[in-house]
Amino acid sequence: FEANLPPPSTAIPRPSTFAINKLRELEYVELYYFTPEGLAEAATHDHSATRDALTFAQIDGTTILRPSSTSNPSPNVVPDDALTWRQMTIAKTTLLHWMASTGWANKYIAALDKFYICLEAHQIRFEPDGEASLLQYQAEVRREWHDALDPQSPIPAFDISRINEDRIARTMAYILNRKQAANVLRLVDYHPA
């Protein structure tokens, strides 16, 4: 510690132990854990869960006992593509902070930061269903990026900060087609009295 250094002026929100451990292992973790809802759940659950509860885990072919709070995902997890735009923008900031705190290389943090900046500034965001399309895009691409970072992955690691405009256009078309199909089904189910 540094003598005479006071504690920080504000508390840094802490995600669940499960999410922190996923980051430490450089694994994919849902953005939900870094949303206000996920952080509130972690503040309640991680402190109220008994620290004595243990569960079995496999690490490098060896079975070990570890605290159950470190291995259990939240039952309330919301998939990335089902988050609101606000949840995503808040969560990514907390995610980036905890990536740095858990030892991620700066080049990965910078690339993911630029990825989110590009999405927030993307022109499609301001079109009808634009934010939904960008949420879907980021959910798919961030998951694929994490998979590609695995040294065992057959997919080469790509630069996530490079936005694929063709894929965004296809994602937007998919979102619009899904919405149109839902509207058609509503019309077919409509039975006037």
Side-chain angles (χ1 to χ4, degrees), residues 13 15-16 18-19 22-23 26-45 71-99 108-109 111-150 152-193:
S16 71
F18 172 80
K22 292 288 247 180
L23 287 177
L26 305 179
E27 293 180 7
Y28 172 83
V29 63
E30 291 85 354
L31 282 177
Y32 168 81
Y33 290 101
F34 305 94
T35 65
E37 297 82 4
L39 295 168
E41 180 183 336
T44 303
H45 177 72
S71 58
N72 293 332
S74 168
N76 302 317
V77 167
V78 175
D80 284 6
D81 61 345
L83 295 175
T84 66
W85 188 263
R86 179 180 181 278
Q87 286 174 315
M88 186 269 298
T89 58
I90 291 171
K92 59 96 177 161
T93 302
T94 308
L95 169 67
L96 292 166
H97 167 80
W98 282 98
M99 285 174 71
Y108 297 127
I109 297 167
L112 192 59
D113 186 29
K114 186 175 177 186
F115 170 73
Y116 282 113
I117 289 169
C118 290
L119 293 182
E120 289 178 16
H122 200 281
Q123 69 272 10
I124 205 172
R125 180 177 168 211
F126 304 102
E127 295 181 22
D129 299 308
E131 287 184 352
S133 299
L134 292 172
L135 283 167
Q136 180 74 35
Y137 173 85
Q138 75 82 30
E140 293 172 1
V141 170
R142 190 172 73 84
R143 166 80 71 163
E144 292 167 12
W145 180 66
H146 274 274
D147 291 347
L149 292 177
D150 183 340
Q152 305 299 321
S153 174
I155 302 166
F158 56 88
D159 183 354
I160 194 169
S161 69
R162 302 272 319 232
I163 303 299
N164 186 324
E165 296 298 336
D166 291 337
R167 185 159 179 182
I168 286 183
R170 283 195 307 278
T171 303
M172 178 74 141
Y174 168 78
I175 296 287
L176 293 175
N177 287 338
R178 192 173 68 183
K179 190 174 179 181
Q180 282 180 324
N183 287 339
V184 168
L185 286 175
R186 266 195 299 271
L187 289 174
V188 169
D189 287 343
Y190 177 70
H191 303 289

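Side chains included, hydrogens not; waters and symmetry mates left out as well; all remaining heavy atoms used.
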dist Ser153:OG -> Glu144:CD (nearest 0.5 Å) comes out at 10.5 Å
On a heavy-atom basis, the closest approach of Phe34 and Leu39 is O-CD1, 3.7 Å
**Item:** Ile163 side chain reached by Phe115 side chain, heavy atoms, under 4.5 Å
**Value:** yes
Only residue of Gln138, Arg142, Gln136 satisfying side chain to side chain contact (heavy atoms under 4.5 Å, CB included) with Glu140 is Gln136
- Item | Over 12 foreign heavy atoms within 6.0 Å of CZ, Arg167 | yes
Could you tell me whether a side-chain N or O of Thr35 sits under 3.5 Å from a main-chain N or O of Leu31, the two making a donor and an acceptor? no
Under 3.5 Å donor-acceptor pairs involving side-chain atoms of residues 117-127, not counting sequence neighbours:
residue: Glu120; atom: OE2; partner: Lys92; partner atom: NZ; Å: 3.3
residue: His122; atom: ND1; partner: Ile124; partner atom: N; Å: 3.1
residue: His122; atom: NE2; partner: Glu165; partner atom: OE1; Å: 2.8
residue: His122; atom: NE2; partner: Glu165; partner atom: OE2; Å: 3.2
residue: Arg125; atom: NE; partner: Glu131; partner atom: OE2; Å: 3.0
residue: Arg125; atom: NH1; partner: Glu120; partner atom: O; Å: 3.1
residue: Arg125; atom: NH2; partner: Glu131; partner atom: OE2; Å: 3.4

Margin query: Could you walk me through whether Tyr28 and Asp80 satisfy the side chain to side chain contact (heavy atoms under 4.5 Å, CB included) test, starting with their C-alpha distance in whole Å, then the side-chain angles of each, then the deciding distance to 0.1 Å, before giving a yes or no?
Written below: CA-CA 11 Å; Tyr28 172 83; Asp80 284 6; 3.1 Å; yes
Between Phe158 and Val141, the two heavy atoms sitting closest are CZ-O, 3.8 Å
Heavy-atom nearest pair, Asp81 first then Ala139, reads N-CB, 3.6 Å
Between Ala42 and Ser16, the two heavy atoms sitting closest are CB-N, 3.3 Å
Could you check if a side-chain atom of Leu112 sits within less than 4.5 angstrom of a side-chain atom of Leu95, using non-hydrogen atoms only?
yes
Value for CH2 (Trp145) from CG (Asp150), rounded to nearest 0.5 Å, stands at 13.0 Å
Between Leu135 and Trp85, is there a side-chain heavy-atom distance shorter than 4.5 Å?
yes
Residues passing the side chain to side chain donor-acceptor pair (under 3.5 Å) test with Gln152, sequence neighbours excluded, are none
What one should report as the nearest heavy-atom pair of Glu30 and Val77 is CG-CG1, 3.8 Å
Heavy-atom closest pair (Ala148 atom, Pro156 atom, distance to 0.1 Å) is CB-O, 3.7 Å
Steps toward side chain to side chain contact (heavy atoms under 4.5 Å, CB included) verdict (Leu176, Met172)
CA-CA 6 Å; Leu176 293 175; Met172 178 74 141; 4.1 Å; yes
CG (Asp113) and CD1 (Ile160) are apart, to the nearest 0.5 Å, by 11.5 Å
Kindly indicate whether the side chain of Gln87, heavy atoms from C-beta on, has any atom under 4.5 Å from the side chain of Tyr32. no
Assign the ring pair Tyr33 / Phe18 to parallel, tilted or perpendicular, where the plane angle (0 to 90°) is split at 30° and 60°.
tilted
CD1 (Ile90) and CD (Glu37) are apart, to the nearest 0.5 Å, by 8.0 Å
Could you check whether any side-chain heavy atom of Met88 comes within less than 4.5 Å of a side-chain heavy atom of Leu134, counting everything from C-beta outward? no
Sequence neighbours excluded, the answer for side chain to side chain donor-acceptor pair (under 3.5 Å) partners of Asn76 is Glu41
